[in-house]
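Just below is one structure, and these are the notes that go with it.
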Number of protein chains: 2
Amino acid sequence: MAIADRSALLDLLSRSPLFRGLPGEDLSALAGIVVPRVVAKGEPVFLEGAPSEGFFLVFVGKVKIVKLSPAGKEQTLHVHGRGEPFAEAALEEGARYPATAIAVDDSRVVLVPRREFQRLLAKRPAIATNLIARLSQRIRQLVALVEDLALREAPARLARYLLDLAGEGAEAGAAVMLPIRKVELAALLGTRQETLSRALRKLADRRVIRVRGAKVTLLDPNRLADLAAGETADL
Amino acid sequence: MAIADRSALLDLLSRSPLFRGLPGEDLSALAGIVVPRVVAKGEPVFLEGAPSEGFFLVFVGKVKIVKLSPAGKEQTLHVHGRGEPFAEAALEEGARYPATAIAVDDSRVVLVPRREFQRLLAKRPAIATNLIARLSQRIRQLVALVEDLALREAPARLARYLLDLAGEGAEAGAAVMLPIRKVELAALLGTRQETLSRALRKLADRRVIRVRGAKVTLLDPNRLADLAAGETADL
DNA sequence: CGTAGACTTGACGGCATTCAAATTGCGTGG
DNA sequence: CCACGCAATTTGAATGCCGTCAAGTCTACG
């Protein structure tokens, strides 16, 4: 990795939720340990079932974590952007990756090797705390996904996603840009692009949102929240 | 709690995945800190959204973790039996329970209060390691559930569950007892009792299993594994 | 034996998937 | 600046799994 990247790397590490607040010497040591990798769009970072080498951080680009069925269907568990760690759940001795990671765009990631990380973990209990917090958060995300899949219909999932994207204080008229292609979004919402398209249409027809390509305007956030909550009441 | 229970409590704690290997003095301290609770069948241990008091261990009985929709639908995330900890993901300051816990049978649980636990956690790094392992395992379970919901049809989910229950080396003719009522199992598999009933029937008709009440005999584990993997090929 | 709870079966409808085809968006070469 | 072509997205029509509603059956147990 070029010299010019080293400071960027240090910056990345220091901002990561896992290493936040770590002394400079540790960050420096980490920067020396970490293994950079380039991954082209559509290529895997690792495959489900492969023995864990460690966990990763997204340096540039986007990486999705997916489950694939033999029948070729795909469910996205999460899409990670710059600075985010992934595969932190596969850190134990002999662990295997429980899902596949694929680059959504041309990306650069860094591998934090398992052994070295464990050594650091033993030395710095603060990292354990951060890791526990991170794992707990991931559990909450997965619980929310299960809730979506089991308890909500496609339009309601979309509504919840849009509200999530807009953040808490979503005013009427607020606009959001979809950060991923619609096929990817469909996979994340547990459906197909066709169904997503129809769901967008449905909300747009009811003047709850307006869609212009990847730009979605929230015309009526309150109604959107109702729909997200599972209100079925059609117009 | 009666004196006679104290040794049972210590036994429970020492066998718990979180506290395994802890020095006797810590276990003793824990036993003094822990808060016993009796919960009748169908009653909640805690409700989704309530501020976390800490996490729990099942002493006697069974507790299910569920997500409820406004429409009244229910998805079970997990069913915990004797000795198992639950709600370990809600340990942070100000955390709220991300799902509801309900006793499936008349049960006794013990609460491990958040503050006290955190104090112990700071003192014994080994617990942090155990906790990380536990959270990672929970993540894998949830990923498996998502996979089921998104990628498999009801009969395939049932097949996977039965294989899970039978364990790795499932011989033809091996029998398993369903540990929970069929309504509960249906909720865990993300479906209804009617659908579960039909799925059992389907597998039985094909001579893959035999069902006698709660006893299920695996007549053809290989075929069952194929079905679990998503093979659709009907008879 | 009778009752309550657990489970099964049948009929019907809906949401989402699948297959197929049309349409739009957009980067690139002319 | 515009046309071409691929990729992304949308739309339409048919099918299917599963959920709902409503009876019916089984079984443990008093």
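The model shown is predicted, which means the values in this text are computed figures rather than measured ones. In what follows, every chain begins at residue 1, and chains take the letters A, B, ... in the order their sequences are listed.
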> With the threshold set at 4.0 Å, does a side-chain nitrogen-carboxylate oxygen contact exist between B:R181 and B:D105?
Replying inline: yes

> Rounded to whole angstrom units, what separation is found between the CZ atom of B:R212 and the P atom of C:dT8?
Replying inline: 12 Å

>> Rounded to whole Å, how long is the line connecting atom CD of A:E153 with atom C1' of D:dG19?
In response: 11 Å

> Could you give the CZ-to-P distance, from A:R152 to C:dA16, as a whole number of Å?
Replying inline: 13 Å

> Under the side chain to side chain donor-acceptor pair (under 3.5 Å) test, which residues partner B:E53, sequence neighbours left out?
Replying inline: B:R37

> Which of residues 191-199 of chain B have a heavy atom under 4.0 Å from DNA chain C?
Replying inline: B:Q193, B:E194, B:S197, B:R198

> If you measure from the Lys or Arg side-chain nitrogens to the Asp or Glu carboxylate oxygens, is any gap between B:E92 and A:R134 under 4.0 Å?
Replying inline: no

>> Using a strict heavy-atom distance below 4.0 Å, which residues from residues 179-187 of chain B are in contact with DNA chain D?
In response: none

>> Tell me the interatomic distance from B:K215, atom NZ, to D:dT27, atom C1', rounded to whole angstroms.
In response: 17 Å

> Tell me, which pairs form a side-chain hydrogen bond (donor to acceptor under 3.5 Å, both in side chains) where one or both residues lie in residues 160-175 of chain B, sequence neighbours left out?
Replying inline: B:D148-B:R160

> Are B:E184 and B:R192 ion-paired here, with the side-chain N under 4.0 Å from a carboxylate O?
Replying inline: no

>> Filter on side-chain hydrogen bond (donor to acceptor under 3.5 Å, both in side chains), then keep only pairs touching residues 208-219 of chain A, sequence neighbours left out; what's left?
In response: none

Can you give me every donor-acceptor pair (side chain of residues 69-80 of chain B, partner residue at least two apart or in another chain, under 3.5 Å) with its distance?
unit_1, atom_1, unit_2, atom_2, d
B:S69, OG, B:A71, N, 3.2
B:S69, OG, B:G72, N, 3.3
B:S69, OG, B:K73, N, 3.1
B:E74, OE2, B:K64, NZ, 2.9
B:Q75, NE2, B:A187, O, 3.1
B:Q75, NE2, B:L188, O, 3.4
B:H78, ND1, B:Q141, OE1, 3.4

> Roughly, in whole Å, what's the span from CG in A:D105 to P in D:dA8?
Replying inline: 11 Å

> Could you give the CG-to-P distance, from A:L178 to C:dG25, as a whole number of Å?
Replying inline: 15 Å

